[in-house]
Amino acid sequence: MEYKIVLMPGDGIGPEIIKEAKKVLDTIAKIYGHEFSYEELLLGGKSIDVYGEPLTDVAIEKAKKADAVLMGAVGADAKTSPWYKLDPEKRPEAGLLKLRKELKLFANLRPAYLHNALKESCPIKEQFYQTEINLMIVRELTGGLYFGERNTTVESGIRKAFDTLTYDENEIRRVAKKAFDIAMKRKKKVTSVDKANVLDSSRLWRTIIEEVAMAYPEVTLEHMLVDNCAMQLISNPGQFDVILTENMFGDILSDEASMLTGSIGMLPSASLNETSFGLYEPSHGSAPDIAGKGIANPVAAILSAAMLLRYSLSMDTEANAIENAVNEVLNAGYRTLDIMSENKIRVSTEEMGDLIIKKIQ
Ligand code: NAD
């Protein structure tokens with residue numbers, strides 16, 4: 001059976017790291033006898049340069065017909081790039097938001113896993129997490145503050161702006177189900193994060209989460225206020241299994257959690273809809289400061305490819321093979337610059353990709 005994978009390398013370091021992830025997928029295809037067909041499409045600034053818009057309708061249609069999309073990152077330095085002189089809805093990031101909305105990707109999965117070999121880069125002392133740091137943030141992705149009504153006005157010479165945070169129960173229910181399903185395959189614990197002491201949308205969130213939890217008696221559910229969760233991620237990150245939260249809280253908490261792992265260059269992500277289709281991308285941005293230098297860490301992109309195999313193609317063995325290979329390469333002491341430490345062996349983007357492939361083989 002042939003699987004169609006759309007590649008959207010995007011901007012900055014995107015093309016460099018997606019090249020390595022594709023090499024890894026090719027290796028998996030060869031070893032396990034799969035057939036992956038690829039189509040490469042423009043997204044973000046590269047699409048603006050060619051088509052005048054960050055995402056074309058043609059690209060959306062092609063993505064919809066694929067089994068999965070593997071994306072790099074979009075964007076550039078907003079101070080210097082001409083892309084940021086355009087209206088906000090024409091900028092690179094708007095292409096990504098549109099893609100998520102069009103593909104109805106409502107659940108964003110961001111694991112934060114501290115590799116044993118990278119413990120020295122974790123800013124938290126080991127005594128504070130005792131066991132291990134291995135959590136999954138499930139963030140609602142297509143509702144809330146990022147998609148609500150907003151406006152900026154001037155009234156009697158005073159500038160004013162507003163944004164709105166809205167959720168309906170169906171939006172909450174479907175992402176909650178994904179989170180509980182994932183928890184069932186992990187340590188069976190969901191921490192639902194909200195601001196129910198202040199926000200109506202959070203109070204509805206809590207009610208619906210409680211309703212969904214009734215269908216998962218094996219899963220332990222706890223509620224936590226977002227400010228407390230921000231503290232607990234630092235003071236006791238080992239307590240978490242699945243953190244379930246709305247769009248903006250999830251955006252902030254997942255970046256915070258990413259730092260527990262030492263580098264944002266290590267972290268993959270998946271965005272899922274009701275079907276097996278998913279969009280897979282590293283958690284980091286386009287890193288314009290290091291683009292073109294051959295020093296970007298490709299591991300987040302490579303682990304995103306592993307998530308693609310697991311969640312869209314149901315290839316758990318193949319996904320495990322990639323994750324184990326990454327662990328072995330780190331254990332053997334190889335590091336890109338972002339995770340480099342004393343007595344370790346510094347490697348380039350391409351060398352890191354090659355080492356991982358060798359381990360898979
Ligand atoms: P960033 O994640 O691109 O970079 C933050 C820091 O982390 C930089 O110092 C960068 O060099 C480093 N870094 C990131 N990925 C790395 C990797 N794989 N290897 C080594 N180091 C890495 O965030 P930013 O600087 O705030 O944003 C840069 C651009 O990316 C902006 O235009 C922003 O809008 C965009 N962005 C895009 C996405 C996305 O496409 N999903 C996400 C976040 C930011």
Side-chain angles (χ1 to χ4, degrees), residues 7-21 41-48 54-55 69-86 88-101 103 105 108-110 118 121 123 137 139 141-142 146 247-248 250-252 254-259 261-271 278-305 307 326 330 334-341 346-353 356:
L7 301 175
M8 290 183 165
D11 308 316
I13 60 169
E16 301 165 48
I17 54 172
I18 290 302
K19 187 174 162 217
E20 299 312 309
L41 302 174
L42 297 180
L43 173 72
K46 292 263 170 62
S47 177
I48 295 173
L55 178 70
V69 174
L70 182 61
M71 202 196 94
V74 296
D77 183 345
K79 283 197 199 112
T80 55
S81 167
W83 297 331
Y84 294 89
K85 297 207 167 64
L86 299 167
E89 71 277 7
K90 296 200 171 128
R91 291 178 192 169
E93 289 75 6
L96 179 54
L97 290 182
K98 190 174 171 191
L99 186 64
R100 287 173 179 163
K101 190 88 187 166
L103 298 173
L105 302 169
N108 181 225
L109 278 48
R110 281 181 58 169
L118 293 185
S121 14
I137 298 191
R139 165 189 170 196
L141 203 58
T142 53
Y146 293 5
N247 205 340
M248 186 178 67
D251 191 6
I252 299 167
S254 50
D255 266 18
E256 184 187 357
S258 73
M259 282 297 104
T261 67
S263 167
I264 196 151
M266 300 294 299
L267 294 172
S269 80
S271 302
L279 169 76
Y280 300 84
E281 54 176 317
S283 295
H284 57 73
S286 60
D289 52 333
I290 57 165
K293 296 185 178 160
I295 58 173
N297 188 343
V299 168
I302 289 169
L303 291 176
S304 299
M307 289 184 91
V326 168
L330 294 174
Y334 296 103
R335 303 281 189 274
T336 44
L337 181 62
D338 55 312
I339 49 172
M340 187 62 191
S341 60
R346 165 107 188 257
V347 294
S348 67
T349 308
E350 195 177 348
E351 285 164 339
M352 183 55 104
I356 292 167

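Model, not experiment: these values are computed from the prediction. Each ligand, and each atom within it, is numbered from 1 in the order the structure gives.
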Problem - Sidechain-backbone polar pair: N108 side chain, L141 backbone, donor-acceptor under 3.5 Å - result: no
Problem - Partners meeting salt bridge (Lys or Arg N to Asp or Glu O under 4.0 Å) with D77 (sequence neighbours left out) - result: none
What short N/O contacts, under 3.5 Å, does ligand 1 make with the protein, listed by atom pair and distance?
from, atom 1, to, atom 2, distance (Å)
ligand 1, 2 (O), G285, N, 2.7
ligand 1, 3 (O), G285, N, 3.4
ligand 1, 3 (O), S286, N, 3.3
ligand 1, 3 (O), A287, N, 2.7
ligand 1, 9 (O), D289, OD2, 2.9
ligand 1, 11 (O), D289, OD1, 2.9
ligand 1, 11 (O), D289, OD2, 3.0
ligand 1, 15 (N), H284, ND1, 3.4
ligand 1, 18 (N), H284, NE2, 3.1
ligand 1, 18 (N), N297, O, 3.0
ligand 1, 19 (N), N297, N, 2.9
ligand 1, 30 (O), V74, O, 3.4
ligand 1, 30 (O), S286, N, 3.1
ligand 1, 30 (O), S286, OG, 3.2
ligand 1, 32 (O), A76, N, 3.0
ligand 1, 32 (O), A76, O, 2.9
ligand 1, 32 (O), Y84, OH, 3.1
ligand 1, 32 (O), E93, OE2, 3.0
ligand 1, 34 (O), E93, OE2, 2.4
ligand 1, 40 (O), V74, N, 2.9
ligand 1, 41 (N), E281, OE1, 3.2

Exercise for the section: Would you mind reporting whether I137 and L109 have side-chain heavy atoms less than 4.5 Å apart? Expected result: no
Practice task
Using modelled atom types only, decide if a donor and an acceptor are shared between the side chain of K101 and the backbone of T142 within a distance under 3.5 Å.
Solution key: yes
Exercise for the section: Check whether the side chains of S269 and R110 place a donor and an acceptor atom closer than 3.5 Å, and report yes or no. Expected result: no
Practice task
For R100 and E281, run salt bridge (Lys or Arg N to Asp or Glu O under 4.0 Å): C-alpha distance rounded to whole Å, both residues' side-chain angles, the deciding distance at 0.1 Å, then the answer.
Solution key: CA-CA 12 Å; R100 287 173 179 163; E281 54 176 317; 3.4 Å; yes
